[in-house]
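Note that the coordinates shown come from a computational prediction; the quantities given were computed from them, not determined experimentally. For reference, positions follow the sequence shown, starting with 1.
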Amino acid sequence: MMGLGKTALPDGADTAGAGGLENLPEWDLSDLYPGPGSAELKADIAAVEQRAKAFAASYRGKVADIDGATFGQAIAEFEQICDTLYKILSYGQLVHAGAVSDPEVGRFYQGLSEKGTEVSTETLFFTLEINRLDDDVLAAKMAAPDAAHYASWVRDLRLYQNHQLSDELEQLMHEKEITGGSAWMRLFDETMAALRFPIAGKEMTVTEAMTCMSDRDGDKRREAAKSVGKVLGDNIRLFSLITNTLAKDKEIEDKWRRYPNPLSSRNLANQVEDEVVQALVSAVKDSYPDLAHRYYGLKAKWFGVEKLNYWDRNAPLPDDADRKYSWTEATELVLGAYGRFSPKLATVAQNFFDKPWIDVPARAGKTSGAFAHPVVSSAHPYLLLNYMGKARDVMTLAHELGHGCHQMLAAGQGTLMANTPLTLAETASVFGEMLTFRAMLNDETDPKRRRILLAGKVEDMLNTVVRQIAFHEFERQVHTERRQGELSAERLGAIWMDAQRTSLGPAFTFDEDYQNYWAYIPHFIHSPFYVYAYAFGDCLVNSLYGVYEQGAEGFEDKYLAMLSAGGTLRHKELLAPFGLDASDSAFWKKGIGVVKGFIDELAESF
């Protein structure tokens, strides 16, 4: 249930400058439960256990025989159980995200996770039995109005029909997940949160260390980069073991579920065709020279050097005043941008600032990066940031707020149908970033400052499009090679370096420390092949924003309707009202063309 977010993108892509930010708001999770030991939480745990057992007693082995009205009632009961269970698990995830290094919190989180597995095992039969129904039998049940309400959920469930195992195997895999993949993910999270990076006489967290790599002081950037490389290198055997184990675990499950390649299960979950993903990947890779190679070549010239060091990739431009934005300035910028586009959207967004739904400050023990957690439809989302005061942090706020608004608007679809595939879940977040960037750029009259804002946006877009496709290629090769045997830390580093050199181009010099940087990226651990969704979302929004700029009639209402649809519609249906089609190669070229246009504008400004 963890929401999408720009979580710890590499080399400072989602973090910003340090210091001077006090009294930043923190979230209050009491809307979910008063506390980890509260009577309310214990009561919900007991109630959902009882309901799950009663549900199993009523329907296990009987799904094929019940009529359509009863089938609809059963799905509604299943949704209510999921709503309560996901609320409990979401609470555990959020408490843990705020204090990853606290062993008591870790035990609490693990306990809830284990209880969640016990409860969900009771109801596991339901989806398995639905997928064993013949098409004509299911169609007869779906004719009932109560069942028809859940048509999109059943449609998506049936996608997995050919990848389903026997009930016994499904239960075994489900129960063992808590000591399998989930345990390795927890080990990664807690290890990363505990690491400290010595920089400028201080022991810094990974978020603080990455922030230093966008510092104005080149010596500090270098010190931070070398410290990150060394500390990751000191722990590289552990991170290599985690990566190899999870890749092998995925290979085993893919084999049993009959997925033809490592990417197949992700594409199915994203409800996007293999050829659409390949068209995106190919379009971005073909554009490497026109995007990253060209921009970083320009940046090297602006710095007066032939080549940039890898720690200078996110360095401020030489004439950047390194402006800090207070939290108040950031909220006014973002809400103002949202409001100029749509007062309705701004009203939804305002909730996150009027109520304690955002955890803003960076602090020791807190998870790095940023995310938006949807929780469940009967509650509300929470946002986590590590706000450090730079323009990139303003963009991160705009991004996560977009997720939060999307999740609130889609909540009306209910817990089973509110969530969107990853590819579409990035739409509102990236669109929110674009609204905020355009507002900042339009309000800036100083040519130098406009150039700095534009360069910052280009770098963010390169991090979102080029870098994420490079990560995708790294993952693809790692998972492919892992099927031939375990990969050494050296081989993992070599694959990483090849992907970085190919994508970033000849404008950079790298040293051996950089080969360890793959190790801290959480998406590789938590969500294999997640990363292409960022590029998908960015290019999609570039095309979508072009329709908006052209003054398309009724754009605001169509946009809000798209977000409110949640997971009930697929990408072709969602984009059709805007005249867009992601299966058309021109769609991706148009999105990439926006980034090229910004680079052209920058080149002309120097």
Side-chain angles (χ1 to χ4, degrees), residues 8-15 197-200 204 206 209-234 236 239 284-285 287-320 322 392 455-456 458-474 477-478 488-521 595 599 602-603 606:
L9 296 184
D11 306 356
D14 277 315
T15 57
F197 302 85
I199 302 167
M204 296 191 178
V206 64
M210 291 302 173
T211 295
C212 291
M213 291 176 65
S214 60
D215 196 272
R216 289 195 60 78
D217 185 343
D219 290 337
K220 189 172 185 180
R221 293 195 301 271
R222 180 186 182 281
E223 183 183 6
K226 301 294 284 184
S227 180
V228 169
K230 182 181 186 307
V231 173
L232 291 178
D234 290 343
I236 205 66
F239 291 129
V284 174
K285 289 177 66 177
S287 297
Y288 281 170
D290 293 329
L291 299 178
H293 297 190
R294 184 181 180 212
Y295 173 77
Y296 292 121
L298 290 171
K299 187 168 185 176
K301 291 181 180 178
W302 299 333
F303 273 77
V305 296
E306 187 173 333
K307 284 180 174 277
L308 294 166
N309 291 302
Y310 70 88
W311 54 78
D312 295 326
R313 190 173 59 79
N314 283 319
L317 295 186
D319 54 357
D320 190 344
D322 200 24
R392 281 197 176 103
V458 167
E459 293 192 6
D460 282 346
M461 295 174 92
L462 293 178
N463 283 329
T464 305
V465 177
V466 170
R467 296 278 286 163
Q468 300 310 307
I469 294 302
F471 293 168
H472 169 83
E473 289 296 282
F474 168 78
Q477 190 163 348
V478 166
S488 67
E490 291 76 17
R491 180 57 188 156
L492 289 166
I495 297 172
W496 168 260
M497 293 301 296
D498 181 64
Q500 299 314 300
R501 290 191 177 101
T502 301
S503 62
L504 295 177
F508 285 98
T509 58
F510 301 95
D511 62 27
E512 63 181 14
D513 290 328
Y514 194 62
Q515 68 183 350
N516 300 321
Y517 271 62
W518 61 269
Y520 93 97
I521 299 170
V595 190
I599 296 173
L602 267 176
F606 280 86

Check: Phe471 and Trp496 side chains under 4.5 Å, non-hydrogen atoms = yes
Roughly how far, to the nearest 0.5 Å, is the CZ atom of Phe197 from the CE atom of Met210?
-> 6.5 Å
What distance do Tyr288 atom OH and Thr502 atom OG1 have between them, rounded to the nearest 0.5 Å?
-> 7.5 Å
Ring centres under 6.0 angstrom apart (Phe508, Tyr310) = no
Between Cys212 and Lys220, the two heavy atoms sitting closest are SG-CE, 3.6 Å
Please state whether the rings of Tyr520 and Tyr517 are parallel, tilted or perpendicular, taking 30° and 60° as the class boundaries.
-> perpendicular
Hey, are the side chains of Val478 and Trp518 touching, using non-hydrogen atoms and a 4.5 Å cut-off?
-> no
For Ala507 and Gly297, which heavy atoms make the closest approach, and how far apart are they?
-> CB-N, 3.8 Å
Nearest 0.5 Å, what's the CG-CD1 distance between Asp290 and Ile599?
-> 8.0 Å
Locate the shortest heavy-atom distance separating Ile236 from Ala519; write the atom from each residue and the value.
-> CD1-CB, 3.8 Å
Using the six-membered ring of Trp311, assess whether NZ or CZ of Arg221 lies under 6.0 Å from its centre and within 45 degrees of the ring axis.
-> no
Under 6.0 Å from the NZ atom of Lys226, do we count more than 12 heavy atoms belonging to anything else shown?
-> yes
Just wondering, do Leu317 and Lys299 contact through their side chains at under 4.5 Å, heavy atoms?
-> yes
Does Lys285 come within less than 4.0 Å of Glu473, counting only side-chain N to carboxylate O?
-> yes
Please say whether more than 12 non-hydrogen atoms of neighbouring residues, nucleotides or ligands are located less than 6.0 Å from NZ in Lys230.
-> no
Can you find a pair of side-chain heavy atoms, one from Arg392 and one from Glu459, that are under 4.5 Å apart?
-> yes
side-chain contact (heavy atoms from CB on, under 4.5 Å) assessment of Gln477 paired with Arg491 = CA-CA 11 Å; Gln477 190 163 348; Arg491 180 57 188 156; 3.1 Å; yes
Nearest 0.5 Å, what's the CD1-CG distance between Ile495 and Asp498?
-> 8.5 Å
Decide yes or no for Thr509 and Tyr514: does some side-chain heavy atom of the first lie under 4.5 Å from some side-chain heavy atom of the second?
-> no
From Ser214 OG over to Asp312 CG, what is the distance, rounded to the nearest 0.5 angstrom?
-> 11.5 Å
Roughly how far apart are Arg467 CZ and Leu504 CG, rounded to 0.5 Å?
-> 5.0 Å
Short question: side chain of Gln468, backbone of Asn463 - any donor-acceptor pair under 3.5 Å?
-> yes
Residues Ala292 and Ser503: closest non-hydrogen pair is CB-O, 3.3 Å
Are His293 and Pro506 close enough that some pair of their side-chain heavy atoms sits under 4.5 Å apart?
-> yes
Looking at Phe303 and Pro316, what are the two nearest heavy atoms and their distance?
-> CZ-O, 3.1 Å
Which is it for Asn516 and Phe239 under the side-chain contact (heavy atoms from CB on, under 4.5 Å) test, yes or no, and what are the steps along the way?
-> CA-CA 10 Å; Asn516 300 321; Phe239 291 129; over 6 Å; no
For the residue pair Ile521 and Phe474, establish whether any side-chain heavy-atom pair is separated by less than 4.5 Å.
-> no
Heavy-atom side-chain contact between Leu462 and Leu291 under 4.5 Å = yes
